[in-house]
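Here the structure is laid out as structure tokens; the discussion comes afterwards.
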Amino acid sequence: MKALCLYFQIHQPLRLKRYRFFDIGNDHYYYDDYTNESIMRKIADECYLPANKIVLELLKTNKGKFKISYSITGIALDQLEQYAPEVIDTFKDLAKTGDVEFLAETYSHSLASLINKDEFVQQVTSHSDKIEALFGVRPSVFRNTEMIYSDEIGEMVSKMGYKAILTEGAKHILGWKSPNYLYCNAINPKLKVLMRNYKLSDDISFRFSSEGWKEWPLTTTKFVGWLNEMDDKEDLVNIFMDYETFGEHQKKESGIFEFLAHLPGEVILKSKYKFATPSELTSEFHPIAQAHVPNVISWADEERDLSAWLGNKLQDEAFRKLYALRDDVAAVNDDRIDKDWKYLQASDHFYYMCTKFASDGDVHSYFNPYSSPYDAFINYMNVLSDFQIRLKILKDGLAVDPVELQYQISQKDELIARYERELSELKN
């Protein structure tokens with residue numbers, strides 16, 4: 001029998017407050033508490049709570065026949081514990097059914113897998129510890145930040161003991177092959193690779209409420225019909241998306257909750273598919289081939305690469321400066337430093353510095369709290385400068401040379417000026 005895997009990602013960054021040059025050395029608290037609480041409460045009320053209520057009822061009604069999977073970043077869990085603890089309780093209720101799988105993540109929703117293996121391993125271990133403490137299960141399947149994956153990253157994940165990883169079924173990787181099979185890592189075949197069916201996933205997460213879409217309105221009957229039209233030789237379909245699809249990206253008025261409530265019954269009664277979790281897929285199916293991914297991919301934008309977070313000079317400079325501090329962070333072993341270190345690694349900070357003006361530009365603009373990429377860069381680098389001062393004082397017991405600090409700021413300003421010229425040329 002064919003299998004359908006439903007997986008949802010949950011993440012909300014800790015947004016930084018407006019942090020100016022004159023705050024450096026004087027203000028060591030970096031977060032916009034009002035905005036973070038307001039957004040988390042809004043999404044909890046509009047998405048997490050109503051969606052979890054529907055899912056719990058579906059799990060009880062279709063005992064053993066409906067399965068679902070989640071990964072929740074450590075940063076999101078920290079905020080839920082602080083601002084919406086009742087959401088944590090509803091996820092605990094889901095966990096008790098035995099039909100929900102929680103996946104491992106990087107704690108910080110970070111890009112650590114691209115630059116520092118030790119930091120990557122530490123974050124993944126810390127995240128799995130938190131999932132086990134909250135929900136009583138330790139993850140055996142991994143999903144990297146933004147589904148970032150390569151052969152080398154897969155090998156690292158395998159060495160950590162995970163049996164499978166989720167990633168994007170990118171066309172430039174698969175070529176003529178279909179994402180609707182189980183694959184394995186090209187370096188260590190023990191690690192199974194699950195590929196997202198991006199078309200069917202995006203039909204729900206991006207196109208569901210688009211009245212200009214030729215398939216609108218999307219009903220469960222139509223969706224299950226598409227599943228039944230799949231090649232009989234294909235084994236599985238992976239529907240991976242943000243959980244915020246329900247009620248946040250696709251508003252309640254669009255009928256998205258009704259779609260969620262009716263989909264399992266339609267699949268169970270009228271399709272060739274059964275629901276399965278990622279770990280069940282890796283046990284029930286055999287890989288048909290190795291997934292050769294020599295260059296890093298992600299599930300973001302049309303390119304399915306890293307250009308949403310890295311690639312322009314601002315992003316690269318901020319990324320390099322951040323991870324240059326990793327050894328000092330480990331050396332000082334300070335709880336407040338460790339917490340800020342986790343939160344400053346969130347990939348969202350680099351996403352805000354993105355400069356795309358093509359088809360994905362509107363998406364980046366919609367989710368960006370800053371007026372421009374270099375506004376995001378200035379704010380982040382000001383925070384990072386203060387963080388570096390705190391590190392230096394704790395590590396060396398010395399005050400920071402103001403002349404050295406001013407030189408660092410002037411270097412940053414020179415980078416911004418150069419980038420503004422390039423940005424203007426690109427727009428023209």
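What you are looking at is a predicted structure, and each value in this text was computed from that prediction instead of being measured.
Aromatic rings of Tyr380 and Phe350 (six-membered ring for Trp) have centroids within the 6.0 Å cut-off, being under it. Side-chain rings of Tyr149 and Tyr183 stay apart, their centers remaining 6.0 Å or farther from each other.
Remark: the backbone N or O of Leu111 is not paired with any side-chain donor or acceptor of Thr145 at under 3.5 angstrom. Checked by atom type and distance alone, the side chain of Lys222 never pairs as donor or acceptor with a backbone atom of Trp216 at under 3.5 Å. A donor-acceptor pair is defined here as one N or O able to donate and one able to accept, closer than 3.5 Å; no such pair exists between the side chain of Lys251 and the backbone of Ser209. Between the side chain of Lys130 and the backbone N or O of Leu77 there is no donor-acceptor pair closer than 3.5 Å. In terms of modelled atom types and a separation under 3.5 Å, the side chain of Glu155 and the main chain of Asn188 share no donor-acceptor contact. A distance-only check finds a donor-acceptor pair linking the side chain of Ser385 to the backbone of Met381 [under 3.5 Å].
In this structure, Ile88 and Phe135 approach most closely via the heavy-atom pair O-CE2, 4.0 Å. For Leu194 against Pro278, the heavy-atom pair with the smallest separation is CD1-CB, 3.6 Å. The shortest heavy-atom contact between Met195 and Asn238 is O-ND2, 2.8 Å. Considering all non-hydrogen atoms of both residues, Tyr370 and Ala376 come closest at CD1-CB, 3.4 Å. Residue Ala51 comes nearest to Phe246 through the heavy atom pair CB-CB, 4.4 Å, listed as atom of the first residue, atom of the second, then distance. Nearest heavy-atom pair across Ala112 and Gln345 is CB-OE1, 4.2 Å.
With respect to Ser113, the side-chain contact (heavy atoms from CB on, under 4.5 Å) criterion is satisfied by exactly one of Val121, Thr106, Ile148: Ile148. Screening Tyr343, Tyr19, Trp341 for a ring pair (Phe, Tyr, Trp, His ring centres under 6.0 Å) involving Tyr30 leaves a single residue, Tyr19. Residue Tyr162 is tested with Ser128, Ser140, Ser279 for a side-chain hydrogen bond (donor to acceptor under 3.5 Å, both in side chains); the sole match is Ser128.
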* Begin with the C-alpha distance, continue with both residues' side-chain angles, and end with the deciding distance and a verdict on side-chain hydrogen bond (donor to acceptor under 3.5 Å, both in side chains) for Glu101 and Thr277. => CA-CA 6 Å; Glu101 180 169 15; Thr277 63; 3.2 Å; yes
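Electrostatic pairing of Arg196 and Asp202 counts as a salt bridge here, judged by a charged N lying under 4.0 Å from a carboxylate O.
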